[in-house]
Amino acid sequence: MSDESVNQAVADASVVACPNCDLVQRLPEIASGQSARCSRCGTELWRRRDDSLNRTLALTVAAVLLYLIINTMPMLGLTAVGRSSFTTVFRGAELLWEHGMHSVSALVFFTVILAPALQIGFQLLLLLGAICERPPAWVGTFLRYLPSTRIWSMLEVILIGVLVALTKIAEYATVIPGHALFALGALVIVLAAMQSSFDPREIWQRVEWAHGRNEAAAGRVAEATP
């Protein structure tokens with residue numbers, strides 16, 4: 001058996017391998033809201049979600065708007081001895097860098113600014129590509145790297161940290177919550193809803209397989225050749 005025949009995709013899209021124990025099995029037909037689990041280890045293989053693309057796209061657009069608010073408007077304001085000061089998320093990372101805490105500053109920038117931007121950006125691009133009549137191949141590439149951006153996006157951690165800091169600072173100064181703080185709380189909820197409504201299997205079903213494109217192209221060439 002040649003390597004080329006081994007590496008080809010299975011024609012039956014209902015045949016999947018469990019990501020936890022590698023058991024190959026066939027997905028049954030399930031109703032909306034139900035899930036299919038591995039018969040060996042019980043890992044969830046697929047959960048059917050109706051109108052996944054449109055719902056996730058609407059939530060992603062909302063996430064883009066909230067992300068812009070978080071990074072352009074003040075997160076917190078402090079008033080003490082007649083002086084007021086406001087800061088944004090990016091300015092907070094910049095101040096950490098200026099005070100010599102370079103590793104903490106880089107970590108805050110990566111997990112609170114860069115990783116969420118990549119997560120929301122990848123999600124938006126692959127959804128826009130998937131709703132096309134013929135989704136491009138790069139949609140699959142974005143879908144493969146999307147889970148990595150979710151792992152490093154830690155907005156909920158910074159939200160808890162800010163709320164804890166509020167209780168500490170309130171004893172020494174008047175704390176003024178900014179619009180970005182409320183947007184941050186809303187974004188944490190929107191991202192959770194976005195992940196819950198997203199069905200990656202529906203995306204994969206829309207992306208044309210690479211060998212299928214090659215065979216189709218070869219067929220068109222053969223037809224055009226006299």
Side-chain angles (χ1 to χ4, degrees), residues 7-20 22 24-38 43-71 111 113-156 183 186-220:
N7 292 329
Q8 289 183 354
V10 179
D12 190 350
S14 64
V15 177
V16 298
C18 175
N20 187 43
D22 294 331
V24 177
Q25 52 206 298
R26 188 183 302 275
L27 290 176
E29 289 294 332
I30 57 177
S32 176
Q34 293 183 337
S35 63
R37 294 186 175 274
C38 176
T43 300
E44 184 176 282
L45 301 176
W46 177 47
R47 179 176 295 275
R48 189 181 186 90
R49 301 173 176 89
D50 289 337
D51 200 21
S52 170
L53 288 182
N54 291 327
R55 291 183 179 181
T56 309
L57 181 59
L59 290 169
T60 306
V61 172
V64 171
L65 298 177
L66 290 171
Y67 179 83
L68 293 176
I69 294 174
I70 291 172
N71 287 278
T111 59
I113 299 176
L114 183 58
L118 292 176
Q119 177 186 358
I120 298 171
F122 279 18
Q123 186 82 66
L124 182 61
L125 287 175
L126 71 87
L127 288 172
L128 292 177
I131 63 177
C132 297
E133 184 176 353
R134 297 187 62 182
W138 53 259
V139 171
T141 302
F142 279 108
L143 189 55
R144 290 188 186 96
Y145 290 104
L146 181 62
S148 299
T149 63
R150 290 174 178 167
I151 293 174
W152 288 103
S153 179
M154 300 184 183
L155 291 176
E156 60 278 358
L187 182 58
V188 170
I189 297 174
V190 168
L191 288 179
M194 190 171 72
Q195 185 172 353
S196 176
S197 65
F198 181 58
D199 186 3
R201 183 174 174 81
E202 185 175 354
I203 304 292
W204 284 123
Q205 290 174 347
R206 290 171 173 264
V207 177
E208 189 176 9
W209 290 101
H211 78 276
R213 289 197 302 272
N214 295 335
E215 292 176 358
R220 289 193 293 270

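Just so it is clear, the values below take in all heavy atoms, side chains as well, and ignore hydrogens, waters and symmetry mates.
For Ser52, there are no side-chain hydrogen bond (donor to acceptor under 3.5 Å, both in side chains) partners two or more places apart in sequence or in a different chain. For Asp199, the side-chain hydrogen bond (donor to acceptor under 3.5 Å, both in side chains) partners two or more places apart in sequence, or in a different chain, are Trp46. For Thr60, the side-chain hydrogen bond (donor to acceptor under 3.5 Å, both in side chains) test picks out no residue, with sequence neighbours left out. Listed by chain and number, the residues in a side-chain contact (heavy atoms from CB on, under 4.5 Å) with Pro200 are Leu143, Phe198 (sequence neighbours excluded). Applying the side-chain contact (heavy atoms from CB on, under 4.5 Å) test to Asn54 and every residue at least two apart in sequence or in another chain returns Asp51. Not counting sequence neighbours, the partners of Arg37 by the salt bridge (charged side-chain N to carboxylate O under 4.0 Å, His left out) test are Glu44. Under the side-chain contact (heavy atoms from CB on, under 4.5 Å) criterion, Ile189 pairs with no residue at all, not counting sequence neighbours. Listed by chain and number, the residues in a side-chain contact (heavy atoms from CB on, under 4.5 Å) with Leu118 are Leu114, Phe122, Thr149 (sequence neighbours excluded).
Between Trp138 and Gly129, the shortest heavy-atom distance links the atoms CH2-CA, 4.1 Å. Taking both residues in full, the closest heavy atoms of Thr56 and Ser197 are given as OG1-OG, 3.1 Å, listed atom of the first, atom of the second, then distance.
Proximity of Leu128 to Leu57: side-chain heavy atoms (C-beta onward) are separated by under 4.5 Å at one or more points. Between Leu146 and Phe142 the shortest side-chain heavy-atom distance does not fall below 4.5 Å. Looking at Gln123 and Ile120, their side chains never come closer than 4.5 Å, going by heavy atoms from C-beta outward. Put simply, the side chain of Ser153 reaches to within 4.5 Å of the side chain of Leu155, judged on heavy atoms. The shortest side-chain heavy-atom distance between Met194 and Arg150 does not fall under the 4.5 Å cut-off.
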Go through the steps to decide whether Leu53 and Ile203 satisfy the test side-chain contact (heavy atoms from CB on, under 4.5 Å), and finish with yes or no.
CA-CA 8 Å; Leu53 288 182; Ile203 304 292; 3.2 Å; yes
Where do Leu187 and Leu191 land on the side-chain contact (heavy atoms from CB on, under 4.5 Å) test, with the steps shown first?
CA-CA 6 Å; Leu187 182 58; Leu191 288 179; 4.0 Å; yes
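With rounding to the nearest 0.5 angstrom, the CG atom of Leu66 is 10.5 Å from the CG atom of Leu59. Interatomic distance, Gln119 CD to Ser148 OG, rounded to the nearest 0.5 Å: 11.0 Å.
Between the side chain of Tyr67 and the backbone N or O of Ala62 there is no donor-acceptor pair closer than 3.5 Å.
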